[in-house]
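Read through the structure below, which is laid out as structure tokens, and then see the notes.
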There are 2 protein chains.
Amino acid sequence: MPRPTIYDVAAAAGVATSTVSRAFSSPNRVNARTREHIFSIAADLGYRPNPHARALLSGRHHTVAMVVSDITNPHYFELIRGAELRARASEYTLVLVNAEESPRVEYDQIQRLVPSVDGFVLGASRLPDENLVQIAGQRPVVLMSRELSRLPSVVLEHTQGCHQIVEHLASFGHQHLVYLAGPRNSWMATTRWSALKSAGEELGLRVDRIGPFTPKASHGAAAADGAIRTGATAIVAHNDLLAIGVMRRLAQRSVRVPQDVSVVGFDNIFAADLCTPGLTTLGGAHADVGRVAVDILLQATGPLQPSGASPQVALPTELVVRESTGARA
Amino acid sequence: MPRPTIYDVAAAAGVATSTVSRAFSSPNRVNARTREHIFSIAADLGYRPNPHARALLSGRHHTVAMVVSDITNPHYFELIRGAELRARASEYTLVLVNAEESPRVEYDQIQRLVPSVDGFVLGASRLPDENLVQIAGQRPVVLMSRELSRLPSVVLEHTQGCHQIVEHLASFGHQHLVYLAGPRNSWMATTRWSALKSAGEELGLRVDRIGPFTPKASHGAAAADGAIRTGATAIVAHNDLLAIGVMRRLAQRSVRVPQDVSVVGFDNIFAADLCTPGLTTLGGAHADVGRVAVDILLQATGPLQPSGASPQVALPTELVVRESTGARA
DNA sequence: AACCTGATGGCAACCCCTTGTCGTCTGTTG
DNA sequence: CAACAGACGACAAGGGGTTGCCATCAGGTT
């Protein structure tokens with residue numbers, strides 16, 4: 001027995017299909033008594049409007065896609081959770097897409113979804129600017145962990161956060177840092193590097209950079225070895241996963257943390273609190289990033305014409321100090 | 001400028017819309033030269049078939065939904081990843097749904113998605129059996145981490161795994177274990193409990209159970225306190241998160257792991273390797289669970305009539321021994 | 001009582017694509 | 001050269017719902 005349609009409801013209620021349709025979509029166009037009658041019949045039949053038929057005409061699907069650069073990165077859990085929650089609150093469905101650190105995959109997946117979703121939330125997109133602009137021409141887009149003029153975005157306030165990191169390290173007397181850079185096409189990597197560098201200049205520290213590294217724990221060994229070669233006394237890794245991988249390698253090589261070298265990460269993932277020593281890291285309200293991003297997206301997909309405003313939101317960061325940083329012994 | 005439709009392509013190519021449609025959906029019904037012509041025009045125009053219009057008629061959406069009991073549980077990351085990968089390989093879209101440990105939310109979300117997806121993969125569903133059967137009547141369903149006769153499922157082989165755990169603990173001379181149970185309506189909790197219990201009987205160990213506990217690190221404190229009261233020398237927690245929470249609490253209370261008490265978890269999440277001491281846990285190929293589940297689901301949604309076969313797959317587990325287990329000192 | 005107004009609901013076109021049916025044209029066969 | 005088979009493509013009817021337009025009707029006005 002197929003799902004009942006608006007026709008079945010109309011027949012059972014003795015009204016026209018249009019009346020049934022209006023009872024659901026613009027209730028005040030229909031007499032209250034008729035409406036109640038229709039609702040009760042619909043409930044009896046177990047009628048539910050078919051979202052596809054609806055989307056066909058309206059072009060609105062009540063669905064948004066969230067694309068993340070690497071779904072296995074715990075950092076995204078919170079983002080995903082915030083986004084999912086916000087989407088659900090508006091009865092939107094969240095489609096999750098994993099770009100696997102590949103711009104190609106990312107782009108193809110997005111294009112595949114264009115006809116099916118109302119907009120995109122892109123997390124740490126690895127796509128070049130022009131692609132992003134093009135996609136934004138097809139559907140509303142909100143960037144997370146990336147900024148681009150004329151596109152709305154939500155990021156954590158990294159400039160200030162990086163400054164905090166450098167200050168924190170400087171306070172322990174460190175004079176030479178090295179930044180283990182993230183992927184080449186990562187906006188965050190560029191941003192963090194320049195923020196660290198200028199903070200270093202301001203505070204009179206030398207800041208080197210090596211990389212790029214894929215920000216996973218498994219790439220920490222290569223990163224650690226490279227870092228040691230620079231002679232820096234403090235390592236700032238592109239994210240916590242990389243930092244954890246680095247600390248493992250350092251332990252293997254009997255380099256003590258923080259007595260010989262300090263390590264700092266980004267993201268404050270769950271594991272940062274569990275590893276030994278605990279990882280000092282720059283955290284922030286990641287769930288809020290996801291939430292706010294979807295929030296902005298839903299406004300843009302809303303009935304109002306896109307107002308031309310492209311909010312660029314920067315949420316505060318906080319340096320979570322644990323045991324991986326300290327003075328050299 | 002709206003997306004080009006089949007009509008635009010037909011007009012530009014000088015053929016009927018049906019010809020364009022068939023060129024895409026049943027290519028051998030159309031002359032090769034005409035077909036190529038249509039394809040090139042379509043490419044020029046940037047035409048892509050509208051999946052909703054297609055779904056309207058065919059009822060197939062090329063979308064599957066994955067519902068997880070709690071999206072913040074790292075254990076699901078691998079499941080999600082495996083599922084996403086498998087879905088993508090068949091050009092299916094994966095919709096991710098978070099049930100937040102609430103049967104109500106889970107059910108509502110599923111019902112909302114019924115018209116939009118081809119099937120469901122349910123991870124550790126908290127729904128009662130009859131709900132699951134009912135949902136399976138509407139759309140194909142594959143269960144993960146739960147078994148129910150007549151429904152296909154993918155689980156990790158826990159009976160044997162639990163036996164391994166008990167053997168491992170027995171080999172250290174433990175004679176009294178306590179299982180910190182997961183949520184009341186969790187099939188896994190029931191399964192683990194009975195497997196641990198029968199393994200205990202077989203090997204001559206006393207096995208207690210306390211709980212239920214929400215399997216998050218934050219609930220570890222209550223669980224740890226309860227476990228201590230039982231006087232057991234080994235704690236088997238419902239999952240790694242709970243185990244980690246327990247170990248934290250034990251550290252607070254100056255109970256040494258493993259000298260005073262041993263701790264075992266389930267899932268082998270990333271963090272199990274990072275905490276101190278490293279957590280002994282029952283792992284398995286979680287990504288495979290997600291992959292196989294989607295695989296089965298796609299077969300069931302495929303053109304073949306559901307063959308009545310409901311594969312119940314059990315994948316192997318492996319006990320990952322770290323430092324949280326040992327003999328009492 | 002004649003007239004006006006606003007509320008109500010029906011008709012039918014449309015959203016984009018698929019598909020059963022049927023006509024047409026090409027090439028083949030006797 | 002006529003007749004025919006087969007390949008191809010056009011027509012039109014949905015699939016489920018929305019919406020502009022119009023007819024109707026009840027209630028209110030003068």
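Basis for what follows: all heavy atoms, side chains included, without hydrogens, waters or symmetry-related copies.
In this structure, the helix from dA1(C)-dT30(D) to dG30(C)-dC1(D) shows an angle of 50° between the axis at its start and the axis at its end, each fitted on 5 base pairs and rounded to 10°.
Checking side-chain atoms of Glu84(A) against main-chain N and O of Asn98(B) turns up a donor-acceptor pair under 3.5 Å. Ser25(B) contributes a side-chain N or O that, together with a main-chain N or O of Ser21(B), makes up a donor-acceptor pair within less than 3.5 Å.
Computed from coordinates, the His37(B) NE2 to dG9(D) P distance equals 12 Å when rounded to whole Å. With rounding to whole Å, Asn31(A) atom CG is found 14 Å from dG27(D) atom C1'. What separates CG of Asp8(A) from P of dG16(D) is a distance of 8 Å, to the nearest Å. Regarding Ile38(A), its CD1 atom lies at a distance of 14 Å from the C1' atom of dG17(D), rounded to whole Å. Here dC16(C) presents its P atom at 14 Å from CG of Leu45(B), a figure rounded to the nearest Å. The CZ-C1' distance, from Arg35(B) to dG9(D), rounds to 14 Å in whole Å. In this structure, CZ of Arg60(B) is placed 19 Å from P of dG15(D), rounded to the nearest angstrom.
With sequence neighbours excluded, the residues satisfying side-chain contact (heavy atoms from CB on, under 4.5 Å) with Ala55(B) are His52(A), His61(B). For Asp70(A), the side-chain hydrogen bond (donor to acceptor under 3.5 Å, both in side chains) partners at least two apart in sequence or on another chain are Thr72(A). In this view, Arg81(A) and Glu78(A) satisfy the salt bridge (charged side-chain N to carboxylate O under 4.0 Å, His left out) rule, not counting sequence neighbours. With sequence neighbours excluded, the residues forming a salt bridge (charged side-chain N to carboxylate O under 4.0 Å, His left out) with Asp129(B) are Arg146(B), listed by chain and number. By the side-chain contact (heavy atoms from CB on, under 4.5 Å) test, Thr190(B) pairs with no residue at all, sequence neighbours left out. The side-chain contact (heavy atoms from CB on, under 4.5 Å) test applied to Asp108(B) returns Arg104(B), not counting sequence neighbours.
Backbone-only contact: Arg48(B) has heavy atoms under 4.0 Å from sugar-phosphate atoms and none from a base.
Here Asn50(A) does not reach the OP1 or OP2 of dG17(D): none of its side-chain N or O atoms lies under 4.0 Å away.
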N/O contacts under 3.5 Å, protein versus nucleotides 18-20 of chain C?
from, atom 1, to, atom 2, distance (Å)
dT18(C), OP1, Arg54(B), NE, 2.7
dT18(C), OP1, Arg54(B), NH2, 3.2
dT18(C), OP2, Ser21(B), OG, 2.7
dG20(C), O6, Arg22(B), NH1, 3.4
dG20(C), O6, Arg22(B), NH2, 2.9

In a table with atom names and distances, give each donor-acceptor pair under 3.5 Å that connects a side chain of residues 32-41 of chain A to protein atoms at least two apart or in another chain.
from, atom 1, to, atom 2, distance (Å)
Arg35(A), NE, Pro27(A), O, 3.1
Arg35(A), NH2, Val30(A), O, 3.4
Ser40(A), OG, His37(A), O, 3.4

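Mapping Val15(B) and His52(B) onto DNA chain D by nearest heavy atom places Val15(B) at the nucleotide closer to the 5' end.
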